[in-house]
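Some notes on the structure that comes next.
Heavy atoms only: backbone and side chains are in, while hydrogens, waters and symmetry mates are out.
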Amino acid sequence: MKKEMSEIKRRAMLAKQRLKMGYWQKMQSERDLIGCSTENRAVIESAREARIKTFERDSRRALGDDFAERDEKLYGKVRRMLDDDEDVTDPIGRLVDKSEYDRLDSANKQRYILELSAKFRELRERYYREKNKYV
């Protein structure tokens with residue numbers, strides 16, 4: 001019961017911080033700006049999905065989710081790699097954790113590489129979205 005209360009308190013604290021920082025007003029103004037600038041439904045939906053992913057990522061990070069922490073470390077590697085050279089020839093080879101990879105059997109090695117490649121594509125898209133947002 002105590003752990004559940006702790007979780008509720010953390011979520012309440014996050015909600016309070018979002019209200020104080022004007023998070024929802026910012027989201028509303030972005031939605032209005034996108035809605036006014038274009039009538040293209042696909043652009044509006046992709047912007048909505050990006051906001052949802054950002055919100056979920058921030059929530060997981062604030063709650064101390066281990067997966068979110070690992071994703072952020074991996075994103076840091078991807079960001080540095082793409083900042084240095086956007087035409088990377090071996091991104092998966094650079095992202096593989098050699099010690100973890102060496103201890104896996106062949107089936108798990110394949111699974112690890114496939115999951116890492118999917119995660120790389122996701123993080124690369126996030127990198128370009130954030131890069132275009134600030135340019």
Side-chain angles (χ1 to χ4, degrees):
M1 181 75 176
K2 185 176 181 181
K3 187 170 184 165
E4 289 179 26
M5 291 300 289
S6 172
E7 179 78 15
I8 291 171
K9 285 182 181 180
R10 284 192 292 186
R11 289 189 180 270
M13 179 192 68
L14 289 173
K16 187 175 181 180
Q17 285 177 347
R18 285 192 297 271
L19 287 172
K20 282 183 179 179
M21 301 299 282
Y23 179 83
W24 297 113
Q25 290 83 3
K26 180 181 166 189
M27 289 294 128
Q28 181 67 34
S29 64
E30 286 180 8
R31 183 172 12 132
D32 293 343
L33 181 65
I34 291 171
C36 293
S37 66
T38 182
E39 295 299 318
N40 188 352
R41 206 65 186 145
V43 172
I44 294 170
E45 286 301 316
S46 67
R48 180 179 179 274
E49 289 174 15
R51 283 195 310 268
I52 289 171
K53 285 182 181 179
T54 302
F55 174 75
E56 289 173 349
R57 186 174 54 246
D58 292 344
S59 295
R60 285 193 313 261
R61 189 180 326 141
L63 293 173
D65 188 358
D66 289 338
F67 291 114
E69 185 176 326
R70 277 188 265 153
D71 283 355
E72 288 305 310
K73 286 180 183 177
L74 191 61
Y75 179 65
K77 287 181 181 180
V78 170
R79 190 177 61 230
R80 283 189 300 275
M81 186 178 8
L82 293 174
D83 282 342
D84 292 342
D85 182 21
E86 289 190 16
D87 296 326
V88 180
T89 56
D90 64 338
I92 305 302
R94 293 183 187 186
L95 295 175
V96 168
D97 182 5
K98 304 290 187 212
S99 61
E100 183 178 345
Y101 184 77
D102 289 339
R103 68 178 177 78
L104 298 173
D105 63 349
S106 63
N108 284 328
K109 284 181 180 180
Q110 289 178 358
R111 183 178 302 118
Y112 178 76
I113 294 296
L114 290 173
E115 289 173 357
L116 189 60
S117 65
K119 184 57 72 176
F120 172 72
R121 283 193 307 270
E122 177 186 324
L123 295 175
R124 184 183 59 199
E125 289 174 11
R126 175 182 165 194
Y127 170 80
Y128 287 123
R129 271 196 318 269
E130 290 178 1
K131 184 177 177 181
N132 290 334
K133 181 178 177 182
Y134 296 116
V135 172

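The list of side chain to side chain donor-acceptor pair (under 3.5 Å) pairs with a residue in residues 113-122, not counting sequence neighbours, reads D71-K119.
If you take CG on L123 and CD on E72, they are separated by 8.0 Å, rounding to the nearest 0.5 Å.
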Considering only distance and modelled atom types, tabulate donor-acceptor pairs under 3.5 Å from the side chains of residues 76-84, sequence neighbours left out.
| residue | atom | partner | partner atom | Å |
| --- | --- | --- | --- | --- |
| R80 | NH1 | G76 | O | 3.4 |
| D83 | OD1 | Y127 | OH | 2.5 |

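Remark: the backbone N or O of Y112 is not paired with any side-chain donor or acceptor of Y101 at under 3.5 angstrom.
Considering only heavy atoms from C-beta on, L74 comes within 4.5 Å of L116 through its side chain.
Linking Ile, Leu, Val, Met, Phe, Trp and Tyr whenever their side-chain heavy atoms come within less than 4.5 Å leaves I92 and L114 in two separate clusters.
Ion pairing between a basic and an acidic side chain is recognised when a charged N comes within 4.0 Å of a carboxylate O; K98 and D102 show no such pairing.
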